[in-house]
Structure formats: structure tokens, C-alpha cells
A.B. asks: 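Okay, here's the structure, questions in a sec.
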2 protein chains.
Amino acid sequence: MQPRPRTIPEATVARLAVYLRVLTTLADGGRSTVSSGELASAAGVNPAGLRKDLSHLGPCGVRGVGYDVGALRDRLTGVLGVGSSRACVLVGIGNLGSALADYAGFGTRGFEFVALFDASPARIGQRVGDLEVRALDELEDVVTETGASIGVITTPAEVAQSVCDRLAAAGVRSILNFAPVTLAAPAGVDVRKVDLSVELQVLAFLGQQRVPAGVGESA
Amino acid sequence: MQPRPRTIPEATVARLAVYLRVLTTLADGGRSTVSSGELASAAGVNPAGLRKDLSHLGPCGVRGVGYDVGALRDRLTGVLGVGSSRACVLVGIGNLGSALADYAGFGTRGFEFVALFDASPARIGQRVGDLEVRALDELEDVVTETGASIGVITTPAEVAQSVCDRLAAAGVRSILNFAPVTLAAPAGVDVRKVDLSVELQVLAFLGQQRVPAGVGESA
DNA sequence: GGGACTTTGTTCCTGCGTTCACAAGCGGCT
DNA sequence: AGCCGCTTGTGAACGCAGGAACAAAGTCCC
């Protein structure tokens, strides 16, 4: 029986993850308490917004003092499910895939890559990090064995949909897609897309919009 | 008298970039016209929303027919500033940095990496893609010479703020940050953050929230 | 030439996210 | 013990994004 509503806005969840990171850093630095203002500043958000985000977890601070760094960190760890490690599979071991497989930031945040897949025979058998690249044929079996619930797609765009279908059919419930295509997945499977060139284009557009080209524009 | 208001929402800009990609694919496939419904389906958005997004550019479709693929593509290319190639510098040539430097998707979308930097002497001088990794000391000079307006940070978190400061001081107006820290930049400099582990955490949370504890779910 | 169908562009509305501002609660000081 | 200042937590207003429905416009067919 959760006294708190089980619906936490996605935008809030994303920020909670950022708070958790900042808190970890603070804890390592020996800090015992933080105020919402300082935490908000470190996370780059509004103090009031931070308090509202945290209010979704129920009261977890002390008025007049602030938040206990360790306690809040543990609270966030629990809510975000970082405590229990989650099995992930990574499909497409190109440059980006290799980078992700090697990225240490995942292991310390409750995510563990349990298998790497690639279609290219030249890649199969290579070691990346501490895993061996496996043939794509084994995907379904490995997902079933390991119970992996998260799949990461870093394949070329052409095969991403096919990989998505196979992951979903094998039982993966959440997919993080780096391929530059919009994936269709069955109901019950979440797909989240990260498009690097879109990020760059938005950035470029904002910059260009700010300074069109010497057009008589005040500010 | 600008026919189009110069304020286009960021969310819309991000989608415009997606539309542009889809249109390019369609054009390569020989299609000459598209309806908003089909384009929206390919982009994974609502048809009405797509038309609203496109309305920010002024009328660019033909009623009863649809959109001319080539014309709309060119229109988006112009608005997003993809036509003129933009010089970018990349700082931090680890796994992720190397992947980005090699990523072909940027070059074809109006972005050109003109220099790669790293602090590690072991990295300096190595070739990644068709560029040579340069010493971080040269950062200011190279930015000035090339007039680079965009910087991409893929360094460890500890040095990201320092790199950000130097990029901003050197004249870079837009920064894409992959380091897991919140950067502070002077006014007039846009910072956009991509946090891979946050993406994974949000995904994991949504999945966990959907199925709290094996609740029967009829897809 | 006229009518009807198709598709765009627009307008309204609903809901969400964000921000501001205030009341409640706790610690420290006198 | 009482007061004061500080900080959290919450309530309300604002603005924005998303979605649905409607009118305008152009084309195809008869």
C-alpha cells in the first residue's frame, strides 16, 4: 500500500536521477546535509521545482535544516530501482555500441550488460569490456535465459526495427534506441529514443535563432 | 515584417529535425509527395501535431494533395540551418568521443568536426576518422582560427566544467555535454545535456512502475 | 462546368509542467 | 521556556505543449 501515488511524471523521474548523482558526489565529499537551494543549484533546476519533485516521495527532509544526504540518496536509490541490478542486452557493437558497453557509468547505477550482439561475423567473438560479442541468432535464447528486461539498440537504422521486434518478442519490456529511426513496438513495451544528431540540430538552431545574421535585432 | 514568427518552440525544432530525416529517406526512395498522416506515422507523432509544427514555417503544402517531398525537405534544411556546414570541436576522445567523431550521421546533416582534443598525451597524435587528436592547449587557438561555434564535451565529469569555461571563453556559443555533470555557462552560451545513464534510469523506472510486482497484464 | 472528396491550416480546448508565493515545522539562541 | 530565523512542503496561478474538431482550398470525376 503506497501512500504516495504511483504516478510520478517522467520529467520528474529524469531529474531524480540527476539529484541522485549529485547526492552521491556530495556524500563522497563528506557532506551530511544539503538545502534544497544548494541541491537545486548543483542540479541546475529551480529550488521550488526540486522540492516538488521530492514531494512525490513523501516527506524526506527536515524543516529548518535541509535534507540528509545519505538518507535522501538511499531513498532515491530505492525509488529509482538502482538497488537491484537490471540485466541489459546491447545490440549493434559498432563505435557507439562499444562505447556504451565500456561505459563505467552504467554498472554503478544498477545496470549490467549481460550480453552484446552483432550481426557481423567479423565482430562475433571479439571481447568488449569483459563480454564477448555474440551472434544475433542467440538473441532470443540469451534474453530468455538472463531475463533481461532492457535492450539497447545501436545498430544501423535499416535493421533497428527488426531488432526491436525480436527484443520485444523475446520479452524485453524497455528499449533504448540510438538508431536514427522511429521504432514501432507492441503495447507494453516502452521505447525511448536518443538521437544525437537531433540534439546537435536543436542546439545549432537555437544558436542561429539567437544571432540570425546581423539582422537589426536588439538582443 | 517576417512572415514567420522567429520563435519556434524547442520541442517543435526537435521534431522538425526528425521530419527532415524522414523526408530525406522518402526522397531517396523516389517519393514526390506525402500526406501529413503518412509523414506523421513515419515520425511517430500525431498528424495534427505535425501540421502544427509545419505551420510555423508558413504554408508549405498543397491542400488536397499533401506536401512536396523535395520542397519540404529543402525548406526544413534552410530553417534548421543544415545548408551551411557548421564547424564543431570535440573534446575528450575516449570511447564515446571516438564514436561521435566517427559517426557519419553528423557530416551529412550540416555538422563538421574540425578538431578533436584530448588531455592524455597517449591520445594526442592519434588519428580518429580523418582527424588527428590535438593537445588541449591548442583549444583556444583552434576555435579562434576555425570559428567553431559548437563544442561537444565527452570528457570525464571532473574536467567538463573547465572545458566548458574554456570553450565559452574562446567564443563557442553552443555546447553539447555528454559528461554526467550540470554545467554552468555564461549568458549567451547554450548548453544542452545528454545523459545516457539518466535515459536508462527513466526507462527502467517506467518499466518497474508499469509492473509493480507481477500484476496480471493483458497487453 | 459543377459537385464532391481529400488534405491542409487553423482554432479551441484540455491537461501537464513549471513557477511563484505562503503556511507549517524545526533548530538554535537568549 | 520562549522567540526568531531558516527551510521544507503545499497550494494556486501562469504558460506551454498536445490533441481533437472545423473551415478553407485545391483536385479529380462526372
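Numbers restart at 1 for each chain; the letters A, B, ... are given by sequence-line order, proteins then strands. Just so it is clear, the values below take in all heavy atoms, side chains as well, and ignore hydrogens, waters and symmetry mates. Since the structure is predicted, the reported quantities are computational estimates derived from the model, not experimental observations.
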A.B. asks: In whole angstroms, how far is the P atom of D:dT10 from the CG atom of A:Leu50?
C.D. replies: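 Answer to the nearest Å: 14 Å.
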A.B. asks: Who pairs with B:Thr77 by side-chain contact (heavy atoms from CB on, under 4.5 Å), at least two apart in sequence or on another chain?
C.D. replies: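 Only B:Leu20, B:Arg73, B:Val82 meet the side-chain contact (heavy atoms from CB on, under 4.5 Å) criterion with B:Thr77.
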A.B. asks: To the nearest Å, how far apart are A:Asn46 CG and D:dC14 C1'?
C.D. replies: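 Taking atom C1' of D:dC14 as the reference, CG of A:Asn46 is at 14 Å.
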A.B. asks: What are the two closest non-hydrogen atoms of A:Thr154 and A:Gly97, and how far apart are they?
C.D. replies: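 Scanning both residues completely, I find the closest heavy atoms to be OG1-CA, 3.5 Å.
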A.B. asks: With distance as the sole criterion, is a donor-acceptor pair present between the side chains of A:Asp53 and A:Thr12 under 3.5 Å?
C.D. replies: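 On atom types as modelled, these side chains qualify, holding a pair under 3.5 Å.
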A.B. asks: For B:Glu10 and C:dG17, give me the distance from atom CD to atom P, rounded to whole Å.
C.D. replies: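 Going from B:Glu10 (CD) to C:dG17 (P), I get 17 Å.
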A.B. asks: Determine whether a donor-acceptor pair (N or O, by modelled atom type, separation under 3.5 Å) exists between the side chain of A:Asp118 and the backbone of A:Gly92.
C.D. replies: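 Absent.
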A.B. asks: In whole Å, I'd like the distance from the CG atom of A:Asp53 to the C1' atom of C:dT18.
C.D. replies: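 So the CG-C1' distance, A:Asp53 to C:dT18, works out to 10 Å.
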A.B. asks: When you check the phosphate oxygens OP1 and OP2 of C:dG17, does a side-chain N or O of A:Arg15 lie under 4.0 Å from one of them?
C.D. replies: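 For C:dG17, neither OP1 nor OP2 has a side-chain N or O of A:Arg15 closer than 4.0 Å.
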A.B. asks: Determine, for nucleotides 2-14 of chain C in 5'-to-3' order, which nucleotides have protein heavy atoms under 4.0 Å from the base (write B), from only the sugar-phosphate (write S), or from neither (write -).
C.D. replies: ----BBBBSBB--
A.B. asks: Measure NE2/B:His56 against P/D:dC16 and give the value in whole Å, please.
C.D. replies: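 After rounding, the reported distance stands at 11 Å.
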A.B. asks: Answer with yes or no whether the side chains of A:Ser149 and A:Arg173 bring together a donor and an acceptor at under 3.5 Å.
C.D. replies: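 No, no side-chain donor-acceptor contact under 3.5 Å.
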A.B. asks: I need the CG-C1' distance between A:Asp68 and D:dT8, as an integer number of Å.
C.D. replies: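 After rounding, the reported distance stands at 15 Å.
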A.B. asks: Using a strict cut-off of less than 4.0 Å between a Lys/Arg side-chain nitrogen and an Asp/Glu carboxylate oxygen, indicate whether B:Glu38 and B:Arg31 qualify as a salt bridge.
C.D. replies: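 The answer is yes: the pair qualifies as a salt bridge.
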